[in-house]
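Each remark here refers to the structure printed beneath this line.
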Amino acid sequence: MRVLQLVAAALLPLTALAAKKSPEERFNEAHAKPQPIKLDDRSYDALTKAPRDYSVAVLLTAMDARFGCQLCHEFQPEWELLARSWTKGDKGAESRLAFGTLDFLDGKATFQSMQLQTAPVMLLFHPTQGPHARPDKPMERLDFNTGINKADTVHQWLSRQLPDRPHPPVVRPIQYVKIAMTTTAVLGVITFLTVAAPYILPIIQNRNLWAAISLIAVLLFTSGHMFNHIRKVPYVAGDGKGGVSYFAGGFQNQFGLETQIVAALYGVLAFATISLALKVPRMADPRSQSVAVLVWGGVLLVTYSFLLSVFRVKNGGYPFWLPPF
Amino acid sequence: MAVDTAVPGADFFFKGESGRNTRGLLRLLILVTIAAAAIAARLFSVIRFESIIHEFDPWFNFRATKYLVNHGFYKFWDWFDDRTWHPLGRVTGGTLYPGLMVTSGVIYHLLRFLTLPVDIRNICVLLAPAFSGLTAWASYLLTSEMSDSPSAGLLAAVFMGITPGYISRSVAGSYDNEAIAIFLLVFTFFLWIKAVKQGSIMWGALCALFYGYMVSAWGGYVFITNLLPLHAFVLICMGRFSARLYVAFTTWYALGTLASMQIPFVGFLPIRNSDHMSALGVFGLMQLVGFAEYIRHQLPSKQFQTLLRAMVLVVFGLAFGGLVLLTVSGVVAPWSGRFYSLWDTGYAKIHIPIIASVSEHQPTAWPAFFFDLNMLIWLFPAGVYMCFRNLKDEQVFIVIYAVLASYFAGVMVRLMLTLTPIVCVAAAMALSQILDQFLVASQPSEPTESTKANGNANGNADIKDKLAAAIPESLRSTKAPLVGIYSYLSKSVITGAVTAYLLLFVLHCTWVTSNAYSSPSVVLASRLPDGSQHIIDDYREAYYWLRQNTKEDAKVMSWWDYGYQIGGMADRPTLVDNNTWNNTHIATVGKAMSSREEVSYPIMRQHEVDYVLVVFGGLLGYSGDDINKFLWMVRIAEGIWPDEVKERDFFTARGEYRVDDEATPTMRNSLMYKMSYYNYNSLFPAGQATDRVRGSKLPAQGPELSTLEEAFTSENWIIRIYKVKDLDNLGRSHQEAVGFEKGNKRKKAGKRRGPRTLRVD
Amino acid sequence: MRSLISWAWLGLISSIATADSNLTHESRNILPSAFSPPKHFRNVNLVRNINLEKSYPRETINVVIENIDKAAQNEYYIPFEQGSLGQIGGLEVVDKKEAEKKGFKVDVVGIDPFSTTEYYKITLPTPIPPKDQLTLSITYFVLSALSPLPREILQTDKQYVLHKFSAYAPSAYTTVKQKTKLKLPTTDVPDAVTLPASLNAEKKEDPQKQGTSYTYGPYSDIEAGAVQEVSVRYEFTKPLTHSKLLERDIEVSHWGGNIATEERQWLTNRAATLKNHFNRVQYQQSSYYNPPTSALKEMRFPLVVGSVDAYFTDDIGNVSTSRFRTNKKEANLELKPRYPLFGGWNYSFKVGWNGDLQNFLRKVKGGNGETFVLKIPFFEGPKQAEGIEYERIVTRVILPEGATNVNFQTTLPLISNTTSLHRTFLDTLGRTALTLTAINIVDELRDRDLIVTYDYPSIAKFRKPLTITAGIFAVFVVAWVLGNLDVSIGRKQEKGKKA
């Protein structure tokens, strides 16, 4: 909080002056500062109040952890990148566009005055005078609900809104560190492989390993793991009565844990089958063999019937079942 | 199958030459029975309703087939269809997979030659079941190549015949590419395995031939195009390169690529598109390795071999780099959207809303797997595991196929179809293993040294043992020598259990087929209070009305889902249809539907639209209607005109999608909303109008239409057809005209006389 | 061919169905254009009844004719206007005194296309001696004669139709005394043209109304071919169902002992069109108390008793809204079109059913082989209270393969008949098909029979089984040959080494 007050104090003179400054000067000041400018209510009003012969793009966001606005955090670096590269793009400020960021904490009044429930929201103020004046539509609004979280999309939008002016492209800084890291990593891996090849090869060529890998993959996929991955389903959800419901109702949705349970069931069933088919006939001792047969058969029956009962939960009208479940 | 060996006494039939004949005959009989069962299981819809084409895409295939039959092959090949995508038209001959139509065309002409007057519609309806019988046979062949147990193949055939995962796309009437494609898929794989095992050019060529057929039949051929090279590649990496593999792959690739390039729709893709590059790369690698092998045989010097290996690697690396370069430079097209969206699962949702909007492109939840495959889904991993038991080329294939297919099936519901065959094969192998163990009547003696010798599932397989011995270390579970099952109790228990599961499986399949997969979404069935079936036939009512009572070239605008049906049943030109090749055009329709009348009318005039067709389920509670699809129209339109159509405006401040009083003004002024609810509340006492799908009470004041007039509404209001008014005679805007007729004459009304002009506001 | 052209010129033939036939008989004879019927006769007294209760007028002319010539005459002519003759159907003549007396031959006399009137020629069975009289009763129907006025009405409005006709009966001879009676379905008659009393023989007001019947005349001494245009407009809120074409196939199978019938209809409703478009709400509300409407809602087919498994389909498949009630006494097929047929709307559909052959076929001992007699209705369209008119009916009787010496007879006036071959269901040389075409028929005539006699040698039955057996055998041979081909390159053991 302290910091914010300081910022406000720092901006105070500017805004005070801004009251009697001409649009020209206001823009130059704003443009002089590193983009995007961090605004608060007053500087926001000062910057965006008519008359103005320049455009302002303001991002209304809520960075504070309390609001848990994930998108805000995702987009913030993109936004700064956009602002920076745009201003770097036209030093002469021919596009006459200033960028500002207004956090909810600094701009409660503004948020209330515009009755914003959601953040982030981007506002673009068109000039009220000058060549690009758009008296019919002083302000454009960009909502982020349609999954925008990259600078490029916003850049396109801006370019559409600001015709016949330069649109400096978004230039992402090259991350030398990353490149270096990857190269070193690759080299390291290669060297490691060359050195350790004689020890690794048998492991790679081990059939059990591959069997395990492919079986796990198959089980994962057939138990709907990709669905979780794509739809981002919750791991578990609580039922109304404070407990935990492991199985999502309905045929078309599922929980993370649910899929793991199902995968486990499949695994058990498959394992029982394998042992019946391969292990049991190789048992030399008749007694132990018949015991094993009965055990595995029992496991098979119980698990399968449980699986069926689970499926009946998912699919209401399913008529079939097995004892005991 | 193993039972027959157990019957004592009847030696003559089961031993020696005649025994082989008997078994062959039995196999034949069983296969025929299976095929019959497979066909019978798919006739639910024909028996319940009638022999009718289902769904949406089949209607286009049906129409194309009729065109082929009436106009001959060459006209079909360069068919430009001006009755779809008005005013653009569609180069249909060059943008479809002709395999399906040609197949049924050939059958049709064959029957004609035999003077059997079979209606082409019936051929189309029954094509899928007929081919499912063939698919069962093909999977029998494939599995027999995989496992040496006599029962595995038959089990696989049964599974393939009745598993819902395949029935879902091959019931009578679902006349779609998959109908024949799955048979071709399985059969091509069978031929490939055969070719790899024998290294014979003939099998390779046959494989290429059927691959070509597959390419002509279904876009899913890419799966084969990538799977076979992958198999070859893995074999090479496993150091299993052999002359057989070389012959098989080279033959297949050379001939198959040529064959595939004969299809206009595919054309030069095999050398220009990344989807096909893996095959090309492996082909090159194959040559390199072959060359290296050859050299190595010639000169045994050690260093030279290392040098050679290094060279091979370098060349391969260079080739790969070059390929990447070509792709970047754009000579080779990057991956096609649909295929790419398989890997980057978030891709379609953002970039190709049309693909994302299709329900069968959604990811698969686990119940769907169980629903479609029942117990096979857990026999499947077991079968895959058994492939590791003695891992030869063909088993490797099974493993790769299994992993890949299950990934794809997990990402897209419709790709469950490619998973099903391998599941059937693997499950059959697992189950047959059990049966062969537990259905042997003879009781094994206590293990001695002698019995240690014979290793495997079935007695007469000494070569197999030697091979197994040759392979360094086998699976842990198969270390010990095979003994057999001692007690009859355990045999009977397991046999009984398995039989029970199989019966349950059959019940499940029948139930699923009859309940889930047998309704021809064109005709809806509902139950009357007295339990009798009531058929709701609104679609055909409206389509037939269009067909009979509108002029031949009246353009009908509707959302693209119904394009094919209108083309097929109403026989009228449409603006957009299910072949979604032109996103902008679809977006145009979406914009017309989701904008105000003043905006939509010029669009419709410019596209010469005469009638607009909407699907409305509100009266009947039919949830698949246009209001529920509306948001997709908005999204797709927004993709092209982000400033004119905004999805945000169709949601209330609280972010709800509503149709009642609280619906946003944009929603209530949109053409779709107006057309859906126009005149609807006059059906109810004042203020009582309710929408049974959205379950919400509608505004007391119904919407007003000025530029359209209701032309026809089907019995249950499912289909509503509107006629686009002609320009006003007095040059007024329609709003003014309507206002004038209503009596509240505006100042401007009637003042502006003059030529009739289309005003774009 | 020329005759065909003149027909087409009359606008009667929608499609020249007989053009492709191999042998065609047309019952027309052509006269020079200068022709005008000799004035041999005189209509002593003529009474003409026009019955307007159905959707087509039915006219009955009872006329006493007298031979005023020296010689005995037997050719009586009836003139019609070029256009109107195209609409005349089912013209029949009987002797009023003794109705059962047959032998009145009716021909259409085609004159070359450029004269305005055409004639029906009636050939009397016995020539009338001079100064002798005979009472004829001539009946015919006029198709698509009623035209709705106003042409556009609202969905729930009443419909009024206009009928134009001549107060004088068409006659090629002087008529001494005549009158025209109208029988209307209703008393709601907004306007009927009144003629000046001067014309009237009894100088009374013309026409004279009593209840629903109007009378024009009597008039005396009307010259030949005189015309007095009058018209009457009355309420008729019923569909004017008009069938553009009815195709009917009857397939006789001796193997199955089955006779399969299929009828393909192309219907249109000539009623007044809707002013505004179709309104479902109104339609549903009115359907509770169903008022008279000009829309065709359903059709009833009374079929031959014993008909089974009827079906009702159209171009896009089965139509579920049909009921087939059958029992010992009746077999009724009740159809609802997919949508109600309002004025100007079309509907084409297909109905079919099977029957037991024994009810239709008799075997008579003929000369060579066996001779059969088939007796079937010429057509069985829907039977509606307001009536249906058929512009053209094409009936095709498909006899079993190998049937020869085909003859037929029917009381309906035909315009052409053809015998051809029809190949289906593994036929080798094809089945004999008899195609008969009639025009301007109304549903009152739907019980007229068609009797076909043909020879069918018993050996012909066994052609098909033999063909099938031979075919299957050939397939086996081919399969065996293909199975024994060896396609491998090089010797077998090499392959073994490679593997």
Side-chain angles (χ1 to χ4, degrees), chain A residues 117 143 145-147 157 160 206-208 210-211 214-215 217-227 229-231 251-254 258-259 262 265-267 269-271 273-284 286 289-290 293-294 297 300-301 304 307 311 314-315 317 319-320 322, chain B residues 345-346 350 363-371 375 377-382 384-386 388-389 391 399 402-403 406-407 409-411 430 433-434 437 446-447 473-478 480-487 489-490 493-494 497 501 504 507-508 511 515 638 642-643 647-648 653:
Chain A
Q117 281 96 354
D143 279 291
N145 54 7
T146 52
W157 186 79
R160 267 208 312 281
N206 181 321
R207 208 189 291 177
N208 287 311
W210 284 104
S214 42
L215 281 198
V218 165
L219 284 176
L220 270 185
F221 295 141
T222 50
S223 60
H225 174 263
M226 289 316 291
F227 187 91
H229 173 71
I230 294 170
R231 290 290 172 81
F251 196 74
Q252 275 310 328
N253 53 0
Q254 58 186 15
E258 177 182 356
T259 55
V262 171
L265 288 180
Y266 289 168
L269 286 163
F271 188 68
T273 320
I274 291 167
S275 354
L276 276 176
L278 298 181
K279 285 223 183 69
V280 167
R282 287 175 168 73
M283 289 184 162
Q289 182 189 56
S290 42
V293 166
L294 293 183
L300 207 58
L301 178 66
Y304 190 23
L307 181 59
F311 186 68
K314 304 290 290 186
N315 182 348
F320 305 117
L322 277 175
Chain B
T345 48
I350 304 166
T364 319
W366 78 265
F369 279 99
F370 190 79
F371 193 68
M375 73 182 212
I377 197 65
W378 53 264
L379 283 174
F380 176 43
V384 173
Y385 179 81
M386 287 177 192
F388 282 92
R389 191 184 42 176
L391 196 62
V399 174
V403 175
S406 41
Y407 171 76
V411 175
Q433 192 66 30
I434 291 185
Q437 292 305 335
E446 292 288 324
E473 51 87 41
S474 72
L475 291 181
R476 210 183 296 98
S477 60
T478 56
L482 184 85
V483 183
I485 305 299
Y486 292 100
S487 76
L489 171 66
S490 34
V493 164
I494 294 305
Y501 298 154
L504 186 63
L507 288 177
H508 173 91
W511 181 78
N515 288 347
E638 186 176 16
D643 309 337
E647 186 180 359
R648 184 75 191 74

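By convention in this document, chain letters (A, B, ...) are assigned in the order of the sequence lines, proteins followed by strands, and residues within each chain are numbered from 1. These numbers come from a predicted model, not from an experiment. FYI, side chains are in, hydrogens and waters are out, and symmetry mates aren't considered; it's all heavy atoms of this structure.
- Applying the 6.0 Å contact sphere to CH2 of W511(B) captures more than 12 heavy atoms from other residues, nucleotides or ligands.
- Interface summary for chain A: among P381(B), A409(B), P367(B), A368(B), the most heavy-atom pairs under 4.5 angstrom belong to P367(B).
- Contact of F271(A) with chain B is not made at all, since no heavy-atom distance falls under 4.5 Å.
- F320(A) and H508(B) have tilted rings, their planes meeting at an angle from 30° to 60° on a 0 to 90° scale.
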| task | Under the side-chain contact (heavy atoms from CB on, under 4.5 Å) rule, what do L301(A) and Y501(B) come out as? Steps first, then yes or no, please. | result | CA-CA 9 Å; L301(A) 178 66; Y501(B) 298 154; 3.5 Å; yes
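- Only the side chain of D643(B) has a heavy atom closer than 4.5 Å to any heavy atom of chain A.
- Considering all non-hydrogen atoms of both residues, A284(A) and V483(B) come closest at CA-CG2, 4.4 Å.
- Side-chain N or O atoms of R207(A) include one that pairs as donor or acceptor with a backbone N or O of R389(B) at under 3.5 Å.
- Using a 4.5 Å cut-off between heavy atoms, V399(B) contacts chain A through its side chain alone, with no backbone atom that close.
- To the nearest 0.5 Å, the span separating OG on S214(A) from CZ on F388(B) amounts to 3.5 Å.
- To the nearest 0.5 angstrom, Q254(A) atom CD is 9.5 Å from T364(B) atom OG1.
- Between M386(B) and A277(A), the shortest heavy-atom distance links the atoms CE-CB, 3.3 Å.
- Proximity to chain A (any heavy atom under 4.5 Å) is restricted, for I494(B), to the side chain, taken from C-beta onward.
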| message | Does L278(A) form a side-chain contact (heavy atoms from CB on, under 4.5 Å) with Q433(B)? I'd like the steps, not just the answer. | response | CA-CA 8 Å; L278(A) 298 181; Q433(B) 192 66 30; 4.1 Å; yes
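- Under the side chain to side chain contact (heavy atoms under 4.5 Å, CB included) rule, W378(B) has a single partner from T222(A), L300(A), L219(A), which is L300(A).
- For V403(B), the parts lying near chain A are the backbone and the side chain together; criterion is any non-hydrogen pair under 4.5 Å.
- The residue among S406(B), S490(B), A653(B), G410(B) with the most heavy atom pairs within less than 4.5 Å of chain A is S406(B).
- At a 4.5 Å heavy-atom cutoff, the contact between L269(A) and chain B is made by backbone and side-chain atoms alike.
- Of the atoms belonging to L504(B), it is side-chain heavy atoms, and not backbone ones, that fall under 4.5 Å from chain A.
- Only the side chain of H229(A) comes within contact range of chain B, with heavy atoms under 4.5 Å apart.
- With a 4.5 angstrom heavy-atom cutoff, V262(A) touches chain B only via side-chain atoms.
- The line from CH2 of W366(B) to NZ of K314(A) is 6.5 Å long, rounded to the nearest 0.5 Å.
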| Stepwise, does the side-chain contact (heavy atoms from CB on, under 4.5 Å) test hold for F227(A) with F369(B)? | CA-CA 12 Å; F227(A) 187 91; F369(B) 279 99; over 6 Å; no
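- Looking at L294(A), the atoms closer than 4.5 Å to chain B (heavy atoms on both sides) all sit in the side chain, from C-beta outward.
- Ranked by heavy-atom pairs under 4.5 Å with chain B, the first of L307(A), T259(A), N253(A), V280(A) is L307(A).
- Listed options N515(B), L489(B), I434(B) were ranked by heavy-atom pairs under 4.5 angstrom with chain A; first place goes to I434(B).
- Here CD of Q437(B) is found 7.0 Å from CZ of R282(A). Values are rounded to the nearest 0.5 Å.
- Using the six-membered ring where Trp is involved, Y407(B) and F221(A) have ring planes that are perpendicular, over 60° apart on the 30 and 60° scheme.
- Contacts of L265(A) with chain B are absent, with no heavy-atom separation under 4.5 Å from either backbone or side chain.
- In this structure, F251(A) has its ring center closer than 6.0 angstrom to the ring center of F371(B).
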